[in-house]
Every structure is written in structure tokens, then in C-alpha cells.
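In what follows, a single structure is set out as C-alpha cells and then discussed.
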Amino acid sequence: FRGTVLGPEGDERPSAIDDRQEAMLRAVCTLMSELSVRYDACSLVDRVLETSCNAIKAQRAALFFAEPGESELLPCPDCGHVHMMENGNLRHALPGEIRISNTVTRRVLRNEESFLCQDSRWDREIELAKSVIELDLRSIICVPIRGQRRVNGVLYVDSNRPGQPYTDDDMLLIAAVALGLAAWGVRRLWRRVRVRATERAHVREVWAAGLDAQLVALGERVGRPRG
């Protein structure tokens with residue numbers, strides 16, 4: 001991602017990209033590649049969490065699913081667990097095992113837009129939330145995973161590290177990841193539709209072949225002389 005920039009005055013300089021920005025670009029490229037080749041939801045979610053969390057040095061993150069119009073967060077429908085990262089370690093938590101700021105997730109599900117809290121002390125509603133107080137949360141990112149007509153889930157990231165808030169760039173990366181997941185979900189849905197259409201066509205072929213065989217057998221019985 002390094003390059004050379006020719007300025008408006010003809011001056012030449014290296015491109016102004018630092019290590020953190022380069023890590024984010026690499027994360028986006030990696031995720032684009034993963035989204036194009038993976039069809040297994042669990043392995044994809046794990047890879048997404050691992051890559052994006054390493055890029056922004058996230059302390060804790062999780063992906064939740066959601067039903068339309070509901071505020072309840074659900075585990076992965078494929079494995080029944082919550083995919084999460086905690087201090088660099090990937091794990092699958094049981095539903096209810098991971099505690100998060102429900103105040104923030106409800107806001108994101110309601111407004112259907114990304115949210116970044118850089119310091120919970122500056123938002124009275126968040127500051128007084130029980131989970132924020134008990135977990136001593138300082139900075140939170142939550143972005144919606146949008147489907148065609150509804151929000152299908154959220155990507156949630158938080159931290160209790162003082163003086164190390166998440167940034168706008170961090171939220172943009174997580175939002176880009178969520179958009180990629182949403183697009184992958186649509187592609188996966190259409191793949192299922194194609195598979196089901198193929199299965200239905202196969203059933204019709206089998207049924208037709210079976211019917212032909214029955215008609216032939218019937219014709220043979222009818223045409224067979226009695227005696």
C-alpha cells in the first residue's frame with residue numbers, strides 16, 4: 001500500500017499512510033477475499049471477527065443476529081453460539097454468557113445506523129446503564145448488519161481501557177465489514193434458492209421417470225393376453 005504522491009507544486013513525497021491505516025486496508029482486502037470464497041457461516045464470522053479486531057486492536061467484540069422488529073439479540077443460527085473475540089482470543093460463547101451494553105444495541109437496532117461512543121461518561125443514558133457500570137465500559141462501537149429490508153444483526157465492539165477510545169476510522173472499518181457480511185448473506189440466500197430450485201427440478205425428473213415407468217408397466221399388463 002506504499003506509494004508516491006506528486007503534489008500540486010510538482011513536489012514528490014511518499015504517500016501519507018501509517019501502520020494503522022495500512023493494517024485496516026489489509027483487513028478490508030482480506031475480508032473481501034474471504035467473503036468471495038466462503039459459504040460456511042461459522043468459519044466466515046470467525047475470520048471476520050479475527051481480522052477486523054486485530055486491525056483496530058479491539059479488546060472485545062461479538063456478532064449477534066436479530067429478528068425484524070425485535071430487540072433481542074440471538075446467537076448464530078448455524079451453531080447456536082455467539083461468535084466473539086476477547087483480548088485477541090476467538091471463542092464461541094453460550095447465549096447469555098457474554099454481557100454487553102443492551103442500551104447501545106437497542107439504539108442501533110432502532111435507528112438502523114452505526115454508533116460510536118468514545119467515552120461513556122458523556123452520554124447520560126449509556127453512563128447509567130447497568131452493564132456499562134458493572135463492566136466499566138469506556139468506548140463502544142456497534143453497527144447494524146442490514147439485509148434488503150431489515151436489520152439482520154449487529155457487530156458489537158467494546159473496551160474498558162481508559163484513554164484508548166475507538167476512533168471514527170475504527171467505526172468505518174467495522175461498518176464496512178458489516179456491509180460485506182450483508183452482501184454475503186444475500187449471495188448465500190440466492191445460492192440456497194438455486195440449490196432448492198435444482199432439488200425441485202430433480203424431484204420432478206424422478207417423479208416423471210417413475211410415472212413413465214408405471215405407465216409402461218400398465219401398458220404391458222393391459223396388452224398382455226389373458227389365459
Side-chain angles (χ1 to χ4, degrees), residues 27 31 34-35 37-56 58-117 126 129-132 134-135 137 139-160 166 170-171 173-193 195-196:
L31 293 172
E34 296 289 340
L35 290 166
V37 299
R38 288 184 185 264
Y39 286 98
D40 174 61
C42 289
S43 64
L44 176 64
V45 170
D46 286 345
R47 184 64 171 153
V48 162
L49 284 173
E50 188 175 33
T51 304
S52 55
C53 287
N54 288 339
I56 68 172
Q59 184 180 24
R60 198 173 66 137
L63 188 147
F64 296 93
F65 294 80
E67 292 292 339
E70 300 290 335
S71 61
E72 181 185 4
L73 298 176
L74 304 172
C76 173
D78 283 9
C79 69
H81 291 83
V82 177
H83 297 259
M84 66 173 296
M85 285 283 291
E86 190 169 19
N87 295 318
N89 297 312
L90 183 68
R91 70 185 185 94
H92 295 172
L94 295 172
E97 182 182 350
I98 173 175
R99 298 188 60 200
I100 61 171
S101 172
N102 291 314
T103 302
V104 170
T105 57
R106 282 195 296 266
R107 178 185 295 192
V108 170
L109 290 173
R110 181 178 65 247
N111 298 337
E112 298 187 9
E113 65 178 19
S114 301
F115 179 77
L116 165 64
C117 176
I126 296 176
K130 182 178 179 181
S131 57
V132 172
E134 293 181 353
L135 296 172
L137 297 180
S139 188
I140 304 169
I141 297 173
C142 188
V143 302
I145 302 173
R146 295 184 181 88
Q148 289 182 306
R149 295 184 178 85
R150 63 187 181 94
V151 174
N152 294 323
V154 297
L155 258 175
Y156 174 91
V157 185
D158 67 18
S159 170
N160 62 8
Y166 295 120
D170 295 337
M171 181 178 70
L173 174 64
I174 299 301
V177 169
L179 286 172
L181 282 172
W184 177 85
V186 171
R187 184 166 60 87
R188 188 184 186 219
L189 173 62
W190 280 109
R191 182 172 178 268
R192 284 181 174 178
V193 169
V195 168
R196 288 172 182 170

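For this chain, numbers begin at 1 and follow the sequence in order.
- A donor-acceptor pair under 3.5 Å is absent between the side-chain atoms of S139 and the main chain of S159, judged by distance alone.
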Using side chain to side chain contact (heavy atoms under 4.5 Å, CB included), reason through E97 and V82 one step at a time and then give a plain yes or no. CA-CA 9 Å; E97 182 182 350; V82 177; over 6 Å; no
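- Pairing each heavy atom of S101 with each of I140, the nearest pair is CB-CD1, 4.0 Å.
- In this structure, L155 CG and S52 OG are separated by 6.5 Å, a value rounded to the nearest 0.5 Å.
- Atom-to-atom distance recorded for R47:CZ and H83:NE2 is 15.0 Å, nearest 0.5 angstrom.
- How far CG of D78 is from SG of C42: 5.0 Å, rounded to the nearest 0.5 Å.
- In this model, no donor atom of one side chain and acceptor atom of the other lie less than 3.5 Å apart for D158 and Q59.
- When all heavy atoms of S114 and A175 are compared, the pair lying nearest together is OG-CB, 3.9 Å.
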Start with the C-alpha distance between D46 and E50, add both sets of side-chain angles, then the distance that settles side chain to side chain contact (heavy atoms under 4.5 Å, CB included), and finish with yes or no. CA-CA 6 Å; D46 286 345; E50 188 175 33; over 6 Å; no
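- Side-chain contact between F65 and P77: present, with at least one pair of heavy atoms (C-beta onward) separated by less than 4.5 Å.
- Taken to the nearest 0.5 Å, the CE atom of M85 stands 13.0 Å off from the CG atom of L63.
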Could you go step by step and tell me if V151 and I145 meet the side chain to side chain contact (heavy atoms under 4.5 Å, CB included) rule? CA-CA 6 Å; V151 174; I145 302 173; 5.6 Å; no
Audit row: L73, I100, side chain to side chain contact (heavy atoms under 4.5 Å, CB included) steps and yes/no: CA-CA 11 Å; L73 298 176; I100 61 171; 3.4 Å; yes
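- Taken from CG in L74 to CD in E67, the straight-line distance is 6.0 Å, to the nearest 0.5 Å.
- In this structure, CZ in F115 is found 13.0 Å from CG in L109, a value given to the nearest 0.5 Å.
- Under the 4.5 Å side-chain criterion, counting only non-hydrogen atoms from C-beta, V108 is not in contact with R106.
- Looking at N87, I98, V157 one by one, the single match for side chain to side chain contact (heavy atoms under 4.5 Å, CB included) with R60 turns out to be I98.
- For the pair Y166 (side chain) and A58 (backbone), a donor-acceptor distance under 3.5 Å is absent.
- Panel note: side chain R146, backbone E112; a donor-acceptor pair is recorded below 3.5 Å.
- Between the side chains of N89 and R91, no donor-acceptor pair is found at a separation under 3.5 Å.
- By the 30° and 60° cut-offs, the orientation of the rings of Y156 relative to F64 is perpendicular.
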